[in-house]
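Each remark here refers to the structure printed beneath this line.
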Amino acid sequence: RVHLLEFGGGSVQSGGSLKLSCVASTNSDTRYCLAWFRQEAGQAREGVAAIDGDLKTLYAESVKGRFAVSHGSVPNTLNLQMNDLDPDDTGTYYCAAVAAPCLELGFQFRLGGYGMDAWGEGTLVTVGA
């Protein structure tokens, strides 16, 4: 079983930046791919950014060119650098994991995280106008 912990949410003004980090801890040898999702009140959850088993990055169209996802220097860490934030980026951001080889991550990403193996509790990002 994998446990996920998110860091880095907060409040910023439009145009500002935030960095989110997700740390995955597990007692097994299972490797996981990590992904970021977000959900605004009353909206469906959507994939924001992820790195798949082939180290290919996935992004929502709305964040391309503004957000950058990367593995951290600490193993089992996924960072999300968010720049030029917009009020539409406001929401709760969740880290999620799926066991390697993550063959269906692209599909799961497009479906808002359906079938992911584990979820963090989420961290709130608020972007003021």
Side-chain angles (χ1 to χ4, degrees):
R1 181 172 178 81
V2 60
H3 178 71
L4 305 174
L5 192 59
E6 301 105 336
F7 300 92
S11 297
V12 293
Q13 293 301 109
S14 181
S17 298
L18 282 174
K19 181 179 179 180
L20 305 183
S21 294
C22 171
V23 179
S25 59
T26 177
N27 292 327
S28 74
D29 293 330
T30 303
R31 297 186 63 186
Y32 290 89
C33 294
L34 302 178
W36 285 103
F37 295 85
R38 68 184 178 191
Q39 187 168 25
E40 299 177 54
Q43 303 283 334
R45 188 172 57 209
E46 64 171 346
V48 177
I51 299 177
D52 70 12
D54 293 324
L55 302 183
K56 176 184 174 182
T57 54
L58 307 173
Y59 290 102
E61 284 296 321
S62 63
V63 307
K64 285 183 178 179
R66 300 187 297 123
F67 290 13
V69 65
S70 62
H71 285 137
S73 56
V74 175
N76 297 323
T77 302
L78 190 70
N79 296 322
L80 182 65
Q81 178 65 45
M82 305 186 294
N83 299 322
D84 193 20
L85 283 159
D86 182 90
D88 287 341
D89 296 316
T90 293
T92 299
Y93 284 66
Y94 298 92
C95 180
V98 64
C102 319
L103 297 178
E104 297 186 352
L105 179 58
F107 181 70
Q108 294 164 319
F109 185 80
R110 291 190 296 273
L111 288 185
Y114 177 81
M116 299 293 283
D117 293 328
W119 292 85
E121 294 186 354
T123 185
L124 181 62
V125 171
T126 303
V127 185

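Everything numeric in this text was worked out from a predicted model, so none of it was measured.
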Kindly compute the distance separating [atom1] ([X]) from [atom2] ([Y]), expressed to the nearest 0.5 Å.
{"X": "Leu124", "Y": "Thr92", "atom1": "CG", "atom2": "OG1", "value": "5.0 Å"}
{"X": "Leu20", "Y": "Phe67", "atom1": "CG", "atom2": "CZ", "value": "8.0 Å"}
{"X": "Asn79", "Y": "Cys95", "atom1": "CG", "atom2": "SG", "value": "10.0 Å"}
{"X": "Lys64", "Y": "Tyr59", "atom1": "NZ", "atom2": "OH", "value": "10.0 Å"}
{"X": "Leu5", "Y": "Ser21", "atom1": "CG", "atom2": "OG", "value": "10.0 Å"}
{"X": "Glu6", "Y": "Trp119", "atom1": "CD", "atom2": "CH2", "value": "10.0 Å"}

Cluster link [X] to [Y], ILVMFWY, side chain under 4.5 Å:
{"X": "Tyr93", "Y": "Phe37", "answer": "no"}
{"X": "Leu55", "Y": "Phe107", "answer": "no"}
{"X": "Leu78", "Y": "Met82", "answer": "yes"}
{"X": "Tyr32", "Y": "Leu105", "answer": "no"}
{"X": "Leu18", "Y": "Leu80", "answer": "yes"}

Determine whether [X] and [Y] make a side-chain contact, defined as any pair of heavy atoms from C-beta on separated by less than 4.5 Å.
{"X": "Leu4", "Y": "Leu34", "answer": "yes"}
{"X": "Thr26", "Y": "His3", "answer": "no"}
{"X": "Arg38", "Y": "Val63", "answer": "yes"}
{"X": "Tyr94", "Y": "Met116", "answer": "no"}
{"X": "Val2", "Y": "Thr30", "answer": "no"}

Which atom pair, heavy atoms only, marks the closest approach of [X] to [Y]?
{"X": "Pro87", "Y": "Ser14", "answer": "CD-OG, 3.8 Å"}
{"X": "Gln108", "Y": "Gly115", "answer": "NE2-O, 3.2 Å"}
{"X": "Phe7", "Y": "Val23", "answer": "CE1-CG2, 4.0 Å"}
{"X": "Ala60", "Y": "Gly47", "answer": "CB-O, 3.2 Å"}

Q: Might you confirm whether atom CZ of Arg31 has over 12 heavy atoms from other residues, nucleotides or ligands at distances under 6.0 Å?
A: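 No, not enclosed.
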Q) Out of Thr126, Asp89, Val125, Leu85, which one pairs with Val12 under the side chain to side chain contact (heavy atoms under 4.5 Å, CB included) rule? A)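 Exactly one candidate clears the test, Leu85.
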Can you check whether [Y]'s main-chain N or O pairs, donor with acceptor, with [X]'s side chain at less than 3.5 Å?
{"X": "Asp117", "Y": "Ala99", "value": "yes"}
{"X": "Arg45", "Y": "Gly112", "value": "yes"}
{"X": "Thr90", "Y": "Val127", "value": "yes"}

Q. Any side-chain donor paired with an acceptor under 3.5 Å for Asn83 and Gln81?
A.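 Yes.
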Q) Between Asp86 and Arg66, is there a salt bridge with N-O shorter than 4.0 Å? A)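 Asp86 and Arg66: not salt-bridged.
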Q | Derivation and outcome, side-chain contact (heavy atoms from CB on, under 4.5 Å), residues Leu58 and Arg110 | A | CA-CA 10 Å; Leu58 307 173; Arg110 291 190 296 273; over 6 Å; no
